[in-house]
Amino acid sequence: MPSPPYAAHSTRPSDQSLREPIAVVGIGCRFPGGIDSPTAYWSALLAGLDAIRDVPDDRWKHSRFHDTNPEKFGCIRNAKGGFIDGVDLFDAEFFGYFPTEAQRMDPQQRLLLEVTHEAMEDAGLRRDQLDGSQSSVFIGSFMYDYLCMQTASEQRDEINPYVAMGTCMTSIANRISYDFNLKGPSVTLDTACSSSLVAVHLACRSLWGGEADMAIAGGVNVMLRPEASIVLSKGGFLNPDQYCKAFDAAANGYVRGEGVGVVILKPLSKALADGDIIYALVRGRG
């Protein structure tokens, strides 16, 4: 018998070149600047789109909180960010949720359901094809704004049975697995700014290790309240210049942004056998 071309279950870094590459076969996204598809995202990158803007009034009044003095209490060092529109919108009927439950779901969960569905469409997948499949879900997330809103002292008497699963971080990934009836690993993770990359790393491991036949990986962040930005300002993470200067000697913090990004991953041999359009290959990770 000839030896297989890939050692799919190898775990040593020195053996990364022997692993079967992982194919990216679908992409879904909602990013600042009105970006709502892979094509729009690519066009924005080519055009060098600047999607940073003032904090919208439907989040918080930045004039009430903005102050570049790091010694000021209760203040945010920058007054801008990357914001997406329509975070309050959700097609609850399409996903089979009654309004009472849908309104208690974190917008991060709602957006992820929609963008995951769009990523599946982009990959040419129907829901019935994934029903009961050994598909894994790894999603990075960071903040708890909607939980804070629903458990604030003035809202305590409004807490209903849907708040628990609607706002806990566990449900960020589990909501996708439950809604699409996926049977593989389902994990929400928080490694701060690297969360979505680590999600892809773990998704690839689930495929290489045989825990899943297909994987969904991504990240989500929505900024609904000022408190998290105040915390990050006091921690010295946010800059007063309103723009990130990554990898620059003048870098002095970052500007927060929100959005959703999801990729559909398959082993290369499976993607080729299924006739998928392949965006890129993951050949290794670290």
Side-chain angles (χ1 to χ4, degrees), residues 2-11 13 15-31 35-47 49 111-140 173 176-177 179-187 189 194-220 259-286:
S3 59
Y6 305 108
H9 301 293
S10 173
T11 58
D15 292 336
Q16 286 201 28
S17 61
L18 300 177
R19 293 197 185 103
E20 179 175 9
I22 302 299
V24 179
V25 299
I27 299 175
C29 60
R30 302 277 179 85
F31 295 142
I35 298 168
D36 59 1
S37 69
T39 301
Y41 184 40
W42 182 244
S43 297
L45 291 174
L46 292 177
L49 175 69
L111 286 165
L112 266 171
L113 283 174
E114 294 183 343
V115 172
T116 299
H117 184 88
E118 292 165 6
M120 290 178 176
E121 286 186 326
D122 186 57
L125 292 168
R126 302 190 311 270
R127 288 181 67 107
D128 63 291
Q129 291 175 297
L130 299 178
D131 187 31
S133 66
Q134 195 67 19
S135 300
S136 59
V137 180
F138 293 91
I139 301 294
I176 297 173
S177 298
D179 195 271
F180 292 95
N181 194 30
L182 310 179
K183 302 302 184 180
S186 183
V187 180
L189 59 128
S194 64
S195 296
S196 56
L197 279 176
V198 176
V200 172
H201 161 78
L202 294 176
C204 289
R205 288 190 61 175
S206 75
L207 295 171
W208 280 322
E211 294 179 326
D213 303 319
M214 190 192 82
I216 297 168
V220 60
V260 192
V262 171
V263 292
I264 308 296
L265 305 172
K266 287 182 180 181
L268 177 58
S269 58
K270 181 173 174 56
L272 292 173
D274 293 341
D276 294 319
I277 295 175
I278 297 173
Y279 282 100
L281 298 177
V282 179
R283 296 186 179 274
R285 81 287 180 276

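Keep in mind it's a predicted model, so treat the numbers as computed, not measured.
- Residues passing the side-chain hydrogen bond (donor to acceptor under 3.5 Å, both in side chains) test with Asp131, sequence neighbours excluded: Asn181.
- Pairing each heavy atom of Cys204 with each of Val282, the nearest pair is SG-CG1, 3.8 Å.
- Nearest approach of Leu182 to Ser135, heavy atoms of both residues: CB-O, 3.6 Å.
- With sequence neighbours left out, Asp36 forms a salt bridge (charged side-chain N to carboxylate O under 4.0 Å, His left out) with no residue at all.
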task: Please report the C-alpha distance between Lys183 and Asp213 in whole Å, then the side-chain angles of each, then the deciding distance to 0.1 Å, and finally whether the salt bridge (Lys or Arg N to Asp or Glu O under 4.0 Å) criterion is met.
output: CA-CA 10 Å; Lys183 302 302 184 180; Asp213 303 319; over 6 Å; no

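- By the side-chain contact (heavy atoms from CB on, under 4.5 Å) test, Phe31 pairs with Cys29, Ile35, Tyr41, sequence neighbours left out.
- Partners of Ser269 by side-chain hydrogen bond (donor to acceptor under 3.5 Å, both in side chains), not counting sequence neighbours, listed by chain and number: Glu20.
- Considering all non-hydrogen atoms of both residues, Arg283 and Pro21 come closest at NH1-CG, 3.5 Å.
- A 4.5 Å side-chain heavy-atom check between His117 and Arg127 finds at least one atom pair inside the cut-off.
- Annotation: side chain of Arg285 is in contact with side chain of Trp208 (closest heavy-atom distance under 4.5 Å).
- With sequence neighbours left out, Ser195 forms a side-chain contact (heavy atoms from CB on, under 4.5 Å) with Asp190, Thr191.
- For Lys270, the salt bridge (charged side-chain N to carboxylate O under 4.0 Å, His left out) test picks out Asp274, with sequence neighbours left out.
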- request: For side-chain contact (heavy atoms from CB on, under 4.5 Å), just list the numbers for Val220 and Val262, CA-CA rounded to whole Å, side-chain angles, deciding distance to a tenth of an Å, and then say yes or no.
  value: CA-CA 9 Å; Val220 60; Val262 171; over 6 Å; no

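- Applying the ring-ring contact (aromatic ring centres under 6.0 Å, His included) test to His201 and every residue at least two apart in sequence or in another chain returns nothing.
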message: Pair Met214, Leu130 - check side-chain contact (heavy atoms from CB on, under 4.5 Å), show working.
response: CA-CA 9 Å; Met214 190 192 82; Leu130 299 178; 3.7 Å; yes

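- Residues passing the salt bridge (charged side-chain N to carboxylate O under 4.0 Å, His left out) test with Asp122: none are found, sequence neighbours excluded.
- Taking Phe180 as the reference, nothing meets the ring-ring contact (aromatic ring centres under 6.0 Å, His included) condition, with sequence neighbours excluded.
- Residues passing the side-chain hydrogen bond (donor to acceptor under 3.5 Å, both in side chains) test with Ser37: none are found, sequence neighbours excluded.
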message: As a quick check of understanding, evaluate side-chain contact (heavy atoms from CB on, under 4.5 Å) for Thr116 and Val137, giving each step before the final call.
response: CA-CA 10 Å; Thr116 299; Val137 180; over 6 Å; no

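- Under the side-chain contact (heavy atoms from CB on, under 4.5 Å) criterion, Ala215 pairs with Ser136, Ala203, Ser206, Leu207, Leu265, sequence neighbours left out.
- Within a 6.0 Å radius of CD1 in Ile278, other residues, nucleotides and ligands contribute more than 12 heavy atoms.
- For Ala123, the side-chain contact (heavy atoms from CB on, under 4.5 Å) partners at least two apart in sequence or on another chain are Val25, Leu125, Ile264.
- Atom CG of Leu49 is separated from atom OG of Ser43 by 10.0 Å, given to the nearest 0.5 angstrom.
- With rounding to the nearest 0.5 angstrom, the CD1 atom of Ile139 is 11.5 Å from the CG atom of Leu202.
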